[in-house]
Amino acid sequence: MLNWKKKGLLFNPCEDQNRPSWRWNYAQGQNVLIFDSFVRVYFSCREKPNEQGQTISRIAYVDLDREDLTKVIKVSDHPVVELGGIGEFDEFGTYPFSVVRHGDKIYGYYGGVTRCESVPFNVAIGCVISENDGQSFKKIGRGPVVSYSIEEPFVVCSPKVRIYDGKWYLFYSAGRKWVSVDNGRPEIYYKLRMATSKDGIHWDKLNKDIIANKLGEDEAQACGDVIYKNGMYHMFFCYRKCLDFRKNANNSYRIGYAVSRDLIHWTRKDEECGINVSKVEGDWDSEMIAYPNVFELDGKVYMLYLGNEVGKYGFGLAELEGDLI
């Protein structure tokens, strides 16, 4: 049984009264990049909704003091990835974001959002590269590197990229089905999947679900973050029911856990995950916990995660007591 000690809400984007309109609220899909004196956390924020209630997500970052991760030392004053042009796959949003160092460059992967008519959106995965220590990223092209296909007909999203023994691994979610809702917008459920690559650009899909269901066929799974420790691959991810999860805390996001020796065959062990929603009513994470990002820093293992309303008011930090075994 793992045991995570919560450190509290780390960054709330709504606290800054002078924040720009493009970074109005939400801090979702957080992913760390470690530097010598600070830890950079990329996240997706949202601009003020328009008159139709629509919004656009953009990628920003916050720098934390490496010696004290609860101390914010900088917040980006510009989006690090440009939106796509008219008709392009990422015209209406970049969400979420995963980064990995490769040589002297930083590769970033994100979900590009397209608005639709019968459903709210579609998503494919794009790639960008930074040559200035992650201050900004340039697209490798105008289209996605991983998109929907015969086996995965829509919503290919939530990328997490890792490199092990020179091989690139992409863990992502693929939409399984849109479900109609009476007098409301359709909801989707998706499953965790994987692809591999030799160069981080051309990907071969495994084309199979890699995590078993716990809540039934309509369970939604997202953001599979993998860390290698003590001879085992450890995946932390989030899952929920397909319907009635936005206001019903019992159906909303929880963090799951699985282990593997080969990155293909995973054994789900949610009962050993060691972190859950707060039992204190009204806490920032009392209704849901989601989008885990697990990383090792100076001999310790940490987790960044979202709380209520899927990160509308930011993300928090937890520290693992003990080790991953």
Side-chain angles (χ1 to χ4, degrees), residues 29 31 95-96 98 109-113 119-126 144-164 167-180 186-197 200 202-228 232-245 251-273 288-294 305-306 310:
N31 198 120
Y95 161 79
S98 176
Y109 298 84
Y110 64 97
V113 180
V119 295
F121 56 82
N122 209 347
V123 186
I125 295 172
V145 292
V146 180
S147 188
Y148 18 96
S149 59
I150 293 175
E151 296 85 2
E152 299 169 352
F154 38 65
V155 185
V156 177
C157 61
S158 299
K160 290 284 189 178
V161 175
R162 299 291 178 261
I163 302 174
Y164 295 113
K167 190 174 184 178
W168 298 63
Y169 293 85
L170 168 66
F171 303 92
Y172 64 99
S173 293
R176 176 65 59 80
K177 183 179 181 180
W178 282 100
V179 179
S180 297
E187 299 286 6
I188 190 171
Y189 64 87
Y190 27 71
K191 305 299 181 183
L192 280 166
R193 296 201 160 201
M194 188 189 73
T196 58
S197 175
H202 303 93
W203 293 90
D204 296 316
K205 293 181 177 181
L206 187 63
N207 282 324
K208 62 179 292 186
D209 300 345
I210 59 174
I211 299 295
N213 294 319
K214 177 181 179 179
L215 304 179
E217 179 60 26
D218 67 344
E219 172 183 279
Q221 307 165 347
C223 288
D225 197 33
V226 176
I227 181 173
Y228 181 75
M232 188 73 74
Y233 296 98
H234 305 259
M235 179 191 289
F236 295 86
F237 59 96
C238 60
Y239 64 99
R240 59 165 173 80
K241 293 288 288 184
C242 177
L243 301 179
D244 193 27
F245 68 93
N251 289 346
S252 198
Y253 281 109
R254 298 293 185 270
I255 291 176
Y257 174 57
V259 295
S260 173
R261 293 193 181 276
D262 62 5
L263 292 165
I264 297 175
H265 303 92
W266 293 87
T267 300
R268 189 165 178 172
K269 295 186 174 183
D270 292 359
E271 68 281 359
E272 299 180 15
C273 184
M288 68 175 69
I289 50 175
Y291 289 48
N293 175 212
V294 178
Y305 67 98
L306 303 182
V310 204

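The model shown is predicted, which means the values in this text are computed figures rather than measured ones.
- Smallest separation of non-hydrogen atoms from D209 and K191: OD1-CB, 3.5 Å.
- Here the closest heavy-atom approach between residue M194 and residue F171 is recorded as SD-CE2, 3.7 Å.
- The side-chain hydrogen bond (donor to acceptor under 3.5 Å, both in side chains) test applied to K205 returns S149, E152, not counting sequence neighbours.
- In terms of heavy-atom proximity, H202 sits nearest to S197 at O-OG, 2.7 Å.
- For the atom pair K177 NZ and C242 SG, the distance stands at 9.0 Å (nearest 0.5 Å).
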Next on the checklist: Between V226 and L263, is the side chain to side chain contact (heavy atoms under 4.5 Å, CB included) condition met? List the steps.
Outcome noted: CA-CA 9 Å; V226 176; L263 292 165; 4.0 Å; yes
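- Scored by the side-chain contact (heavy atoms from CB on, under 4.5 Å) test, A220 finds Y189, Y190, R240 as partners (sequence neighbours excluded).
- Between the side chain of S98 and the main chain of V161, a donor-acceptor pair closer than 3.5 Å is present.
- Annotation: side-chain hydrogen bond (donor to acceptor under 3.5 Å, both in side chains) contacts of R162 (sequence neighbours excluded): D225.
- Looking at P96 and P159, their side chains come closer than 4.5 Å, going by heavy atoms from C-beta outward.
- Using a distance-only test at 3.5 Å, with no hydrogens or angles considered, a donor-acceptor pair links the side chain of Y109 to the main chain of G200.
- One finds the CG atom of D262 at 8.5 Å from the OH atom of Y233 (value rounded to the nearest 0.5 Å).
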Checklist entry - Under the side chain to side chain contact (heavy atoms under 4.5 Å, CB included) criterion, do Q221 and N213 qualify, and how do the steps go? => result CA-CA 9 Å; Q221 307 165 347; N213 294 319; 3.4 Å; yes
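- By the side-chain contact (heavy atoms from CB on, under 4.5 Å) test, V259 is found to be paired with M232, H234, Y257, T267, K269, residues two or more places apart in sequence or in another chain being considered.
- D204 pairs by the side-chain contact (heavy atoms from CB on, under 4.5 Å) definition with T196, not counting sequence neighbours.
- Contact check on E217 versus R176 returns a salt bridge, with a Lys/Arg side-chain nitrogen under 4.0 Å from an Asp/Glu carboxylate oxygen.
- Distance alone, capped at 3.5 Å, places no donor-acceptor pair between the S173 side chain and the L192 backbone.
- Using cut-offs of 30° and 60° for the angle between ring planes, the F121 and W178 rings count as perpendicular.
- Side chains of D218 and L243 form no contact here, defined as non-hydrogen atoms less than 4.5 Å apart.
- Here the straight-line distance linking atom CD1 of I289 with atom OH of Y253 works out to 13.0 Å at 0.5 Å rounding.
- Shown here for C238 and A290, the closest heavy-atom pair between the two residues is CB-CA, 3.9 Å.
- A tilted orientation is assigned to the rings of Y164 and Y169, their planes being inclined by 30° to 60°.
- More than 12 non-hydrogen atoms from other residues, nucleotides or ligands lie less than 6.0 angstrom from NZ of K241.
- Once rounded to the nearest 0.5 Å, the distance linking OH of Y228 with OG of S260 reads 11.0 Å.
- Using a 4.5 Å heavy-atom threshold, the side chains of L170 and V146 count as touching.
- For D270, the side-chain contact (heavy atoms from CB on, under 4.5 Å) criterion is met by K214, F237, Y239, R268, not counting sequence neighbours.
- Closest approach of M288 and S252 over heavy atoms only: CE-OG, 2.9 Å.
- Counting only heavy atoms from C-beta outward, the side chains of V155 and N122 approach each other to under 4.5 Å.
- Counting heavy atoms from C-beta on, the side chains of V156 and R193 never come closer than 4.5 Å.
- The minimum heavy-atom distance between A124 and S147, with the atom names listed, is CB-OG, 3.7 Å.
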